[in-house]
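Okay, handing you the structure first.
FYI, side chains are in, hydrogens and waters are out, and symmetry mates aren't considered; it's all heavy atoms of this structure. A note on names: the letters A, B, ... follow the listed sequences, proteins ahead of strands, and every chain is numbered from 1. The structure presented is a predicted model; accordingly, all values stated were derived computationally and were not measured.
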Number of protein chains: 2
Amino acid sequence: MVTAPSFLIADDHPMVRDALASALGQAFPGAGIAMAATLGQVQAALEREPETDALLLDLDMPGMEGLTGIALLRSEYPIVPIIVVSAAREPIVVRRAYEFGASAYIDKSASLEEIVGTVGAVLEGEIFAPPEAELPDSFAQRAAQLTPQQWRVLALMIQGDQNKQIAHKLGVGEATVKAHVTVILRKLGVRSRTQAVIEARGLAIPAAEPVRP
Amino acid sequence: MVTAPSFLIADDHPMVRDALASALGQAFPGAGIAMAATLGQVQAALEREPETDALLLDLDMPGMEGLTGIALLRSEYPIVPIIVVSAAREPIVVRRAYEFGASAYIDKSASLEEIVGTVGAVLEGEIFAPPEAELPDSFAQRAAQLTPQQWRVLALMIQGDQNKQIAHKLGVGEATVKAHVTVILRKLGVRSRTQAVIEARGLAIPAAEPVRP
DNA sequence: GCCACAATCAGACCAAAGTCGAAGGCCTGA
DNA sequence: TCAGGCCTTCGACTTTGGTCTGATTGTGGC
């Protein structure tokens, strides 16, 4: 690390942001630190500063919808290492975070020293996104085939948006959105938008028991 | 407030604890600040210092089991005002927190200034009603209006079934299913099948919430 | 008996979802 | 440089979803 590193801290809780920022500022003097509270702000910040050395990402942020946000960011900015900072300790969440290309996973219950240490390790390249090893036939594997634009469409589908709304938000025609949806459904191996939403939400919500009438 | 106040901060995340402690330390110079990471530690701390002026309590802590921890603490130490600090924004959680005797409810997304302000208000004896005093009808409330057959239809919708499949499984015509779906959507206050599935799955799976810090 | 309501269905109708084919832009390797 | 592949875009078309009107049947309560 020749020059001072630059960080992007993404968390919707000001407390957490401040705590991380001050800890990183002390551990890495002169470091550039940007903040984001929503997925949209993360994207905007990465657009402005594509050379960010590490993104500290909270999973529970507006617009993230769980793990789908990681995949979206990874497909848009594959160079930026993502360090997931989450309170979720479920092994399946951790594993899927890695499947989607996270460089590290830090439990929010960890001490600031541990967090700083992990960040440093990522900066040194000691920890990197594990290669897309042979994964079981999981939904995550199928989902990894989606293109950036398709992820954007899926992210909005998951929020319950209709094709028309998605088209407006993405600035494209409704026909385009429909085409993307068609490809998404085929790649995910489902037959309808509703099933796609259920599966994709399952990424953020493991252990989904069917409702009994 | 003649003397400096004493606080007990209960949160299992060191980051949050430190952030709250430093904010309160600055806002209330000379204040006594104790920490706790589990329900047991909260009880021990209150045993040692029954004159605590305010307990800042996180809902998602080991041993808390959600809102029942509030009731337990209230029954053991009725004089200690409890300020719930949680990431859960669900109206029902907020409402129940008040039902169990919380003096205030702070969203973790709030700024430190807001938090300090709320704590100060509680110290002054202002147990003020939350902005969410007029709670909107919850999804669960709306869902309770469904008839048994409508529940069956919704259960199959949640599994991703199409109207035709639902009709076959229930042994009725597709027109009937459509009629039910129309009523379900209206009762749930959503505009599409996909939105209904999203809402209903969020209701049936509270396991989705523990992911939040 | 009367009333309210759940459940069933038909037919018409409009909106949304989804499929198919095709065009243009961009990158890469021959 | 050109061919081939991929992403993105879109229009035209088909299918499904959802609403509305209206109707029949059965059930339980007053």
For D/dG18, does OP1 or OP2 lie under 4.0 Å from any side-chain N or O of B/Thr182?
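No.
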CZ of A/Arg193 versus C1' of C/dA17: gap in Å, rounded?
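Computing the A/Arg193:CZ to C/dA17:C1' distance gives 7 Å.
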Grab the CD-P distance between A/Gln162 and C/dG18 for me, whole Å please.
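It works out to 11 Å between those atoms.
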Side-chain contact, heavy-atom cut-off 4.5 Å: B/Val85 with B/Asp58?
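A side-chain contact is absent here, since even the closest heavy-atom pair is not under 4.5 Å.
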Expressed in angstrom and rounded to an integer, what is the separation of A/Gln150 atom CD from D/dT9 atom C1'?
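Taking CD of A/Gln150 and C1' of D/dT9, I get 12 Å after rounding.
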Only counting residues at least two apart or in another chain, list the ones meeting side chain to side chain donor-acceptor pair (under 3.5 Å) with A/Asp18.
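A/Asp18 satisfies side chain to side chain donor-acceptor pair (under 3.5 Å) with no other residue.
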Of B/Lys178 and B/Thr194, whose closest DNA chain C nucleotide lies nearer the 5' terminus?
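Taking each residue's closest nucleotide, the earlier one in sequence belongs to B/Lys178.
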Taking CD from A/Gln165 and C1' from C/dA17, how many angstroms apart are they, rounded to a whole number?
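It is 14 Å, rounded to the nearest whole Å.
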To the side chain of B/Ala175, which of C/dT19, C/dA10, D/dT9 is closest?
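Within the option list, the nearest is C/dA10.
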Atom NZ of A/Lys164 and atom P of C/dC14: how far apart are they, to the nearest Å?
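Spelled out: NZ on A/Lys164 to P on C/dC14 is 15 Å.
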The side chain of B/Asn163 lies closest to which of these nucleotides: D/dG17, C/dG18, D/dC10?
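In terms of side-chain proximity for B/Asn163, the closest of D/dG17, C/dG18, D/dC10 is D/dG17.
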Residues in side chain to side chain donor-acceptor pair (under 3.5 Å) contact with B/Gln162, at least two apart in sequence or another chain:
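B/Gln162 satisfies side chain to side chain donor-acceptor pair (under 3.5 Å) with no other residue.
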Comparing B/Gly171 and B/Ser192 on DNA chain C - which has the more 5′ nearest nucleotide:
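So the residue in question is B/Gly171.
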Would you mind telling me which of D/dT9, C/dC20, C/dT8 lies closest to the side-chain atoms of B/Thr176?
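Closest nucleotide among those given: C/dT8.
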Hey, does B/Thr38 have a side-chain heavy atom less than 4.5 Å from the side chain of B/Asp12?
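Not touching, per the 4.5 Å side-chain cut-off.
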What's the NE2-P distance between A/His180 and D/dC10, to the nearest Å?
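So the NE2-P distance, A/His180 to D/dC10, works out to 9 Å.
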B/Glu174 has an atom CD; how far is it from atom P of C/dT8, in whole Å?
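Distance, rounded to whole Å: 14 Å.
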Please determine, for the side chain of A/Pro148, which listed nucleotide (D/dT8, C/dA7, D/dG18) has the closest atom?
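For A/Pro148, the side-chain atoms sit closest to D/dT8.
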Qualifying residue for side chain to side chain contact (heavy atoms under 4.5 Å, CB included) with A/Ile82, from A/Leu55, A/Leu56, A/Val42:
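When side chain to side chain contact (heavy atoms under 4.5 Å, CB included) is applied between A/Ile82 and each of A/Leu55, A/Leu56, A/Val42, only A/Leu55 qualifies.
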Residue B/Arg191, side-chain atoms from C-beta onward, closest of C/dA16, C/dA10, D/dT9:
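The answer is C/dA16, which lies nearest to the side chain.
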Determine whether B/Ile198 and A/Ile158 make a side-chain contact, defined as any pair of heavy atoms from C-beta on separated by less than 4.5 Å.
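Not touching, per the 4.5 Å side-chain cut-off.
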Check nucleotides 23-27 of chain C against the protein and report each pair of N or O atoms closer than 3.5 Å, with its distance, or say if there are none.
none

Would you indicate whether the side-chain heavy atoms of A/Val181 and A/Val153 approach each other to under 4.5 Å?
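Sidechains of A/Val181 and A/Val153: in contact.
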Output the rounded distance in Å from CH2 (B/Trp151) to C1' (C/dA6).
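It is 17 Å, rounded to the nearest whole Å.
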